[in-house]
There are 2 protein chains.
Amino acid sequence: MSKKPTISDVAHEAGVSKGLVSFVVNGRPGVSAATRERVLAAAAELGWRPNPNARSLTTRSAYALGLVVLRDPEIIGSDPFFPAFISGVESVLSDRGRVMLLSVVPDEERELDTYRKLAAESRVDGVFVTDLRHRDPRIALLAELALPAVTLGHADVPSDFPVIDRDYGKGIAAVVSRLRELGHTRIAHVAGDERMLHGTHRRDQFTEAVRASGGTPIVVSGDFSPDSGAQATHALLGMAEKPTAIVFANDPMAMAGMAVAQELGLRLPDDLSITGMDGSEMSRYLFPPLATVGNDPAEWGRAAALSLLALIETGASDDVTLPDAEFIPRGSIAPPPQAAQPSSERPTAQPSSR
Amino acid sequence: MSKKPTISDVAHEAGVSKGLVSFVVNGRPGVSAATRERVLAAAAELGWRPNPNARSLTTRSAYALGLVVLRDPEIIGSDPFFPAFISGVESVLSDRGRVMLLSVVPDEERELDTYRKLAAESRVDGVFVTDLRHRDPRIALLAELALPAVTLGHADVPSDFPVIDRDYGKGIAAVVSRLRELGHTRIAHVAGDERMLHGTHRRDQFTEAVRASGGTPIVVSGDFSPDSGAQATHALLGMAEKPTAIVFANDPMAMAGMAVAQELGLRLPDDLSITGMDGSEMSRYLFPPLATVGNDPAEWGRAAALSLLALIETGASDDVTLPDAEFIPRGSIAPPPQAAQPSSERPTAQPSSR
DNA sequence: TTGAAAGCGCTACCAA
DNA sequence: TTGGTAGCGCTTTCAA
């Protein structure tokens with residue numbers, strides 16, 4: 001059980017100086033092939049890997065990327081985006097000698113403090129900015145901290161950071177369009193957390209799509225949590241002119257909405273069409289299977305990691321546009337019920353159980 | 001836009017030596033109150049924070065904890081455990097100047113390499129070992145690497161690491177007991193991934209509970225994914241003597257199982273009782289609401305973090321036993337159908353839609 | 001109670 | 001193409 005080997009051990013073993021070993025492991029030119037081999041062999045034999053902490057001291061690089069997630073600890077479990085996003089990031093990082101540092105914070109104050117700490121302590125070389133909010137304070141903070149970053153989506157404040165984005169509106173338009181084709185006229189949207197840009201974007205894209213098709217959008221607010229989805233659904237189904245289709249801003253809300261509808265005795269999709277967003281794994285396994293709009297969080301992760309690494313290594317990185325979001329039609333949508341009863345107090349169908 | 005301040009800047013500002021500043025920030029005794037104040041004031045004014053990389057070099061501590069998750073990238077999104085577990089860990093770490101390093105790997109080879117890398121590079125001071133497997137190779141590897149760790153659950157190989165655990169069998173026994181009370185005699189279990197200890201434990205606890213109550217357990221295998229839950233349910237409901245209740249090893253499988261049952265025209269819970277495990281947020285919002293067994297991943301996270309920190313800082317840490325798992329009864333269970341038709345080819349109920 | 005200096009493991013520079 | 005040496009920012013002796 002020996003101590004961890006250092007660069008000196010390797011240098012000694014290979015019979016060269018530390019400087020040369022450093023040159024070799026960093027792939028610098030100007031080292032003869034022979035000594036290069038010798039050094040590599042010595043390093044391998046000793047099982048030596050350069051200590052990133054020591055390297056950081058001179059290179060001013062942390063060899064780590066940061067992700068700070070602001071999320072209510074209570075509901076973070078029902079969000080399928082992050083785990084998949086992270087595995088996408090990892091698939092890029094694993095071969096590049098960088099690690100990922102993750103922080104989950106409960107409120108904005110802690111969030112901003114976390115970025116300050118990461119920067120002040122030189123813990124990371126750059127960060128991913130997810131869940132952009134209106135006039136997001138992180139953009140200015142990160143600029144001030146001179147911390148490289150990429151944003152998922154376009155910020156609504158001036159930002160020099162590269163942005164990863166995808167046209168999600170295309171998918172939403174496809175949903176609305178399909179619903180209109182099926183004959184729906186009263187189409188509602190349960191919005192996500194509107195403090196987040198993608199919450200309002202999805203809402204706007206929905207209303208725009210409905211208006212473009214000559215309809216009148218109905219919108220109620222939610223916050224992406226199943227609970228809010230359930231409440232919103234109750235509100236919608238309690239309306240005098242209740243909608244015949246509900247477009248939820250994410251899958252968990254849609255699932256909760258499906259449950260509420262079923263509890264009220266509605267048959268899905270005959271009495272009510274429902275769609276989700278984000279294309280979660282679970283959506284496929286519901287009854288009826290939930291129509292949704294694909295999003296591929298792992299792809300976001302890969303693209304964001306690549307872009308952030310490029311920014312860090314070369315000082316610049318282009319924006320990247322992922323393929324347009326695609327509507328994934330499934331059994332949760334159907335034509336609206338024929339016998340619409342605009343002012344009925346009771347559900348249009350008999351309870352399917354109880 | 002000045003450079004980051006260093007300990008020298010602070011020492012200069014306070015008119016003392018670097019050594020003293022170090023003593024102050026590390027709370028060492030033997031510093032007069034006066035200079036102590038002066039140093040703290042200088043540090044605050046300059047916005048200085050000690051650079052963990054530099055500290056690591058001398059203290060041999062990384063000020064970071066590691067979590068390596070082996071999970072199929074495709075299905076990681078439907079697992080509600082990790083995000084909540086991580087937020088529990090974070091709630092402990094955030095005040096303690098340590099960060100969390102997360103790695104998601106697709107296979108065992110990468111997993112073990114990741115631990116080796118983390119250790120060789122001194123990236124972390126300790127790691128969390130989750131999802132213990134049979135004869136888990138990580139135990140021996142971590143011991144060999146001399147990397148402190150805590151395990152979630154007891155390993156089935158000799159291990160000196162502290163263990164965090166909870167009696168989950170109590171909750172499972174309560175489920176079975178309640179089901180028996182309701183009159184169920186054919187109770188099935190859809191097991192989780194049996195390469196994982198908790199997959200087999202839950203299966204064993206189920207079969208034991210059923211046997212203890214004089215019944216004959218039915219078990220089919222799954223792997224914790226919704227897809228496997230759906231397949232297993234199809235298999236069970238295709239049996240000649242189909243079960244009247246299905247106990248799933250986690251909530252996502254149970255959700256998928258509910259969908260399959262409904263698709264087959266069964267009314268829940270009248271025609272079939274279903275229960276899940278892990279007490280996910282979503283379970284509450286299904287129709288019918290899914291009875292499950294609580295697990296509180298955030299609590300696991302807090303306990304594991306506390307235990308690991310204690311181990312790292314003091315060299316020893318006690319095992320911790322979390323409160324027994326509790327059955328959470330909900331609408332997805334009911335007495336078995338009266339008119340049992342042991343050899344019926346058709347479902348006992350009319351389809352609720354289609 | 002304080003200051004000075006050595007050294008952690010590495011990179012980077014300057015000579016050779 | 002190589003070796004020697006001076007730091008990077010911090011902690012930790014050892015003296016004073």
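In what follows, every chain begins at residue 1, and chains take the letters A, B, ... in the order their sequences are listed. Just so you know, these numbers come straight off a predicted model, no measurement behind them.
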Distance under 4.0 Å to a non-hydrogen atom of chain A counts as contact; along DNA chain C, which nucleotides mark the start and end? C:dG9 to C:dA12
Within the structure shown, what part of the strands sits under 4.0 Å from [X] by heavy-atom distance: base, sugar-phosphate, or nothing?
X	answer
B:Arg49	sugar-phosphate
B:Thr35	sugar-phosphate
B:Arg28	sugar-phosphate
B:Ser22	base
B:Val21	nothing

If I take atom NZ from residue B:Lys117 and atom CG from residue B:Leu145, how far apart are they, to the nearest 0.5 angstrom?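 Rounded to the nearest 0.5 Å, the NZ-CG separation comes to 13.5 Å.
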Pairing of [X] and [Y] as salt bridge, 4.0 angstrom limit:
X	Y	value
A:Asp131	A:Arg195	no
A:Glu313	A:Arg96	no
A:Asp156	A:Arg135	no
B:Glu121	A:Lys4	no
B:Arg110	B:Asp113	no
A:Glu13	A:Arg38	no
B:Arg133	B:Glu111	yes

Most 5' of B:Gly30 and B:Ala54 on DNA chain C, judged by nearest nucleotide: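 Here B:Gly30 is the residue nearer the 5' end.
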Please tell me which of B:Pro29 and B:Arg60 maps to the more 5' nucleotide of DNA chain C, matching each residue to the nucleotide holding its nearest heavy atom.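 Final value for this comparison: B:Pro29.
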Would you please indicate if the ring centroids of A:His198 and A:Phe81 are separated by under 6.0 Å? no
Take B:Asn53 and A:Lys18, find for each the nucleotide of DNA chain D with the closest heavy atom, and name the residue whose nucleotide sits nearer the 5' end.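 The residue whose closest nucleotide sits nearer the 5' end is A:Lys18.
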Using chain B heavy atoms and a threshold of under 4.0 Å, write down where along DNA chain D the contacts begin and end, 5' to 3'. D:dG9 to D:dT13
